[in-house]
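Heads up: the structure comes next, in structure tokens.
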Amino acid sequence: MAAIGRFQKGDDIFYAKVVDGEIFRLQGDVFGSPSFEKKATPLKGVKTLVPIVPSKIIAVGLNYADHARETGKTLPKEPLFWLKATTSLIPDGAKIEIPFANHRNDFEAELGIVIGRRVRNVTPAAAARYIFGYTAAQDITDRTIQNGESQWARAKSFDTFTPLGPYVETKIDPHDLSIQLFQNGQLRQNGNTSQLIFNCFHLVSFISVNMTLLPGDVILTGTPSGVGPIDSADRLEVRIQGMAPLVNTVK
Ligand code: MG
């Protein structure tokens with residue numbers, strides 16, 4: 001497999017492999033050993049959906065030292081995580097809606113891990129075999145609410161606050177990828193996943209000690225420095241090396 005997406009044509013919702021602007025429908029279980037139709041369908045004419053359907057989204061905070069520094073917070077000794085509502089997900093191309101225009105709302109580009117097999121209590125060394133792939137995401141945050149509370153679920157779980165996709169890359173090394181965010185074409189965040197304090201395998205292991213992870217579950221791995229406020233009509237683009245860009249506009 002390579003880039004796997006989820007698509008809709010009429011009432012028909014299906015997974016497919018994406019190759020050079022064409023898609024090849026997947027047959028069988030996406031998390032099993034699927035095969036693909038030989039006949040291509042043009043990507044034009046189908047709607048791109050959020051590429052997976054998670055039972056939960058786990059978001060990790062302060063996982064890049066330079067971002068922790070810019071927030072004035074101290075580095076956590078263990079991964080710091082919280083749950084984001086799955087109803088906050090939107091696909092590539094969908095609009096981010098800001099509920100409180102008088103609040104500060106920030107973009108946060110993040111690498112997302114997608115779980116492929118049910119897993120509990122796994123070691124970091126064994127974690128890779130439970131990972132389906134990786135995707136681009138944003139952890140949009142109402143910073144005004146976040147700064148007034150010690151729990152972050154509310155500030156980060158508004159509908160549309162988790163753009164994710166467009167696809168899941170199943171064949172990629174997650175630990176040396178440039179990760180950038182462009183706001184209206186201007187480079188705002190420019191990091192590399194090699195700077196993650198707790199890497200993807202460590203995160204899957206740590207979280208799996210706490211809760212069973214199911215196929216499709218998403219772990220957002222934290223954002224590099226450069227976070228900033230978003231404005232109405234902004235065009236936000238997350239570019240992660242080796243992946244299609246994730247582009248969303250602000251309503
Ligand atoms: Mg974040």
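Order of listing sets the numbers, starting from 1, for every ligand and every atom in it. Here the structure is a predicted model, which means the values were calculated and not measured.
Around the Mg ion (ligand 1), the protein N, O or S atoms found under 2.8 Å comprise Glu108 OE1, Glu110 OE2, Asp139 OD2.
By the 6.0 Å contact criterion, CD on Gln151 is open, its count of non-hydrogen atoms from other residues, nucleotides or ligands being 12 or less.
Every residue meeting the side-chain contact (heavy atoms from CB on, under 4.5 Å) condition with Asp106, not counting sequence neighbours, appears here in chain and number order: Arg104, Arg143, Val227, Pro229. Partners of Arg235 by side chain to side chain donor-acceptor pair (under 3.5 Å), not counting sequence neighbours, listed by chain and number: Glu237.
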- Let me see the working for Thr223 and Gln189 under side-chain hydrogen bond (donor to acceptor under 3.5 Å, both in side chains), right down to the final yes or no. CA-CA 9 Å; Thr223 198; Gln189 294 186 273; 2.8 Å; yes

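Sorted by first and then second residue, the salt bridge (Lys or Arg N to Asp or Glu O under 4.0 Å) pairs involving residues 21-33 (not counting sequence neighbours) are Asp12-Arg25.
Side chain to side chain, Arg188 and Gln183 meet the donor-acceptor criterion of an N or O pair below 3.5 Å.
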